[in-house]
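A short worksheet on the structure shown next.
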Amino acid sequence: MRLDQIDKLQRPYDIPEKGLVCDLLWSDPEVSHSQWKESERGVSYTFGADVVHATLKRLDIDLVIRAHQVMDEGYNSW
């Protein structure tokens with residue numbers, strides 16, 4: 001994935017059941033494992049901290065912010 005792929009998405013967008021847009025919206029971090037795994041929710045995937053760190057490096061960015069997940073202490077960082 002490249003950041004320009006996200007910029008090129010035509011909006012508004014109907015959310016598909018799989019693919020880039022679905023995964024951007026519905027994939028979830030999971031601290032208990034590494035790599036990618038199918039989500040138990042039946043949509044998209046879960047991913048470990050190793051995926052986050054590799055993606056930050058590949059995209060040359062410093063931070064990923066998720067806004068649709070409630071955290072017990074208000075935030076979580078890896």
Side-chain angles (χ1 to χ4, degrees):
M1 179 181 69
R2 296 181 327 266
L3 290 177
D4 67 329
Q5 288 176 283
I6 298 169
D7 288 336
K8 291 178 183 176
L9 292 172
Q10 296 295 315
R11 292 158 177 95
Y13 203 98
D14 291 329
I15 309 306
E17 293 183 21
K18 60 183 178 179
L20 176 62
V21 173
C22 176
D23 294 338
L24 286 170
L25 291 173
W26 299 119
S27 62
D28 293 310
E30 181 58 61
V31 296
S32 66
H33 67 257
S34 62
Q35 297 299 314
W36 293 94
K37 293 194 173 35
E38 288 189 30
S39 175
E40 293 179 6
R41 292 188 297 144
V43 63
S44 193
Y45 297 90
T46 60
F47 53 90
D50 58 330
V51 173
V52 174
H53 293 293
T55 301
L56 292 172
K57 184 175 181 176
R58 183 168 24 100
L59 297 176
D60 193 28
I61 59 177
D62 298 319
L63 180 68
V64 174
I65 297 173
R66 292 173 35 95
H68 75 274
Q69 185 173 2
V70 175
M71 302 303 296
D72 288 338
E73 302 202 18
Y75 69 95
N76 187 8
S77 64
W78 276 332

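- When all heavy atoms are compared, the tightest approach of Leu9 to Val21 is CD1-CG2, 3.7 Å.
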Query raised in the report: Do Asp28 and Thr46 pass the side-chain hydrogen bond (donor to acceptor under 3.5 Å, both in side chains) test, and can you show the C-alpha distance, the side-chain angles, and the key distance before you say yes or no?
Result: CA-CA 5 Å; Asp28 293 310; Thr46 60; over 6 Å; no
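- Around atom CG of Asp4, more than 12 heavy atoms belonging to other residues, nucleotides or ligands sit under 6.0 Å away.
- Note that CD of Glu17 and CH2 of Trp26 are 13.0 Å apart. Values are rounded to the nearest 0.5 Å.
- Distance check: Lys37 NZ to Ser32 OG gives 8.0 Å after rounding to the nearest 0.5 Å.
- With a 4.5 Å cut-off on side-chain heavy atoms, Val64 and Thr55 do not count as touching.
- The shortest side-chain heavy-atom distance between Gln5 and Arg2 falls under the 4.5 Å cut-off.
- The aromatic rings of Trp36 and Phe47 are tilted relative to each other, their planes meeting at an angle between 30° and 60°.
- When all heavy atoms are compared, the tightest approach of Leu63 to Leu56 is N-CD2, 3.7 Å.
- Note that the OG atom of Ser44 and the CD atom of Glu38 stand 10.0 Å from one another [nearest 0.5 Å].
- To the nearest 0.5 Å, the span separating CG on Leu20 from OH on Tyr13 amounts to 7.5 Å.
- Asp50 has its side chain within reach of Gln35: a pair of non-hydrogen atoms, C-beta onward, lies under 4.5 Å apart.
- Residues that satisfy the salt bridge (Lys or Arg N to Asp or Glu O under 4.0 Å) test with Lys57, not counting sequence neighbours, are absent from this structure.
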